[in-house]
Amino acid sequence: LFNFSGHFLRFPTPVPAVRTFSASQSLHRVAGPVWNLGRLNHVAIAVPDLEKATGFYKNILGAQVSEVVPLPEHGVSVVFVNLGNTKMELLHPLGNDSPIAGFLQKNKAGGMHHICIEVDNINAVMMDLKKMKIRILSEEVKIGAHGKPVIFLHPKDCGGVLIELEQA
């Protein structure tokens with residue numbers, strides 16, 4: 001390249017950007033051959049009024065929604081909103097001991113509660129994450145709203161997001 005006075009301009013050789021990671025970021029890695037992360041299964045939204053929320057998605061947005069499904073073992077009633085490429089799970093407390101009741105006490109209007117990502121080997125994931133000191137909210141795998149094994153990861157270990165991992 002030449003500048004306006006005809007002198008040759010030499011540009012320094014580009015240096016690849018080097019990113020440094022903090023200790024908490026160093027935990028991120030690609031899953032090994034034992035298990036693989038899959039697709040987004042659903043986004044769960046805690047709602048103070050399940051009927052109103054269901055009506056919004058069904059009647060205003062035109063989504064396909066399920067009937068109300070009570071899940072007493074999880075302390076919630078759920079409605080599934082089918083979005084084609086994924087689902088939304090509307091969560092409403094079922095009883096006063098519901099973890100969603102506590103969430104709604106802090107978030108009166110409701111809001112995003114968790115995301116669910118599929119994995120191909122939930123037991124291997126659980127063992128691997130424990131080795132990496134990622135907190136799991138239960139000692140054992142539980143059966144989730146879709147009838148499949150699930151675990152929940154502590155939001156403080158996951159960038160502030162409650163993550164549910166579900167066996168695909």
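Heads up: numbering here begins at 1 and tracks the sequence.
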Contact summary for Gly95 and Ala101, nearest pair of heavy atoms: O-CB, 4.3 Å
To the nearest 0.5 Å, atom CG of Asn121 lies from atom CG of Leu165 at 12.0 Å
Restricting to pairs with a member in residues 70-94, which pass salt bridge (Lys or Arg N to Asp or Glu O under 4.0 Å), not counting sequence neighbours? none
Separation between CD1 of Ile134 and NZ of Lys156, rounded to the nearest 0.5 Å: 14.0 Å
Side-chain heavy atoms under 4.5 angstrom apart, residues restricted to Ile, Leu, Val, Met, Phe, Trp, Tyr: same cluster for Val69 and Ile45? no
Cluster check Ile143, Ile151: I/L/V/M/F/W/Y, side chain < 4.5 angstrom: no
Using the side chain to side chain contact (heavy atoms under 4.5 Å, CB included) criterion, which residues pair with Leu83? Sequence neighbours excluded. Val81, Asn85, Thr86, Met88
Residue pairs involving residues 43-66 (criterion salt bridge (Lys or Arg N to Asp or Glu O under 4.0 Å); sequence neighbours excluded): none
Nearest heavy-atom contact between Gly110 and Leu104 is CA-CD2, 3.6 Å
Looking at CG of Asp157 and CG of Leu129, how far apart are the two atoms once the value is rounded to the nearest 0.5 Å? 9.5 Å
With Lys148 via side chain to side chain contact (heavy atoms under 4.5 Å, CB included) - residues at least two apart: Glu166
Shortest non-hydrogen contact from Gly75 toward Ser98: O-OG, 2.5 Å
Any chance you could measure Lys142, atom NZ, to Ile122, atom CD1, to the nearest 0.5 Å? 13.0 Å
Over all heavy atoms of both residues, which pair between Ala63 and Asn82 is shortest? Give the atoms and the distance, please. CB-O, 4.3 Å
Applying the 4.5 Å side-chain criterion to the ILVMFWY set and letting contacts propagate, would Leu137 and Met127 be lumped into a single cluster? no
Criterion side chain to side chain contact (heavy atoms under 4.5 Å, CB included) against Val125, the qualifying member of Ile136, Val119, Asn36, Val141: Val119
When hydrophobic residues are tied together by side-chain contacts of less than 4.5 Å, even through go-betweens, does Val76 share a cluster with Leu162? no
Leu91 side chain near His74 side chain, heavy-atom distance below 4.5 Å: no
Please, which pairs that meet salt bridge (Lys or Arg N to Asp or Glu O under 4.0 Å) have at least one residue in residues 96-123, sequence neighbours excluded? Arg39-Glu118
ring-ring contact (aromatic ring centres under 6.0 Å, His included) contacts in which one or both residues fall within residues 82-111, not counting sequence neighbours: Phe103-His113
Given Phe80 and His146, is the ring-ring contact (aromatic ring centres under 6.0 Å, His included) satisfied, shown in steps? CA-CA 10 Å; Phe80 300 104; His146 301 110; 4.9 Å; yes
Side-chain contact, heavy-atom cut-off 4.5 Å: Val79 with Ser66? yes
Distance-minimising heavy-atom pair for Ile163 and Cys158: CD1-CB, 3.7 Å
If I take atom CG from residue Leu37 and atom CD1 from residue Ile117, how far apart are they, to the nearest 0.5 angstrom? 5.0 Å
Any side-chain heavy atom of Leu90 sitting closer than 4.5 Å to one from Leu50? yes
Could you state whether Val161 and Met132 fall into the same hydrophobic cluster, counting links through intermediate Ile, Leu, Val, Met, Phe, Trp or Tyr residues with side-chain heavy atoms under 4.5 angstrom apart? yes
For Val47 versus Pro93, what's the shortest heavy-atom pair and its separation? O-CD, 4.3 Å
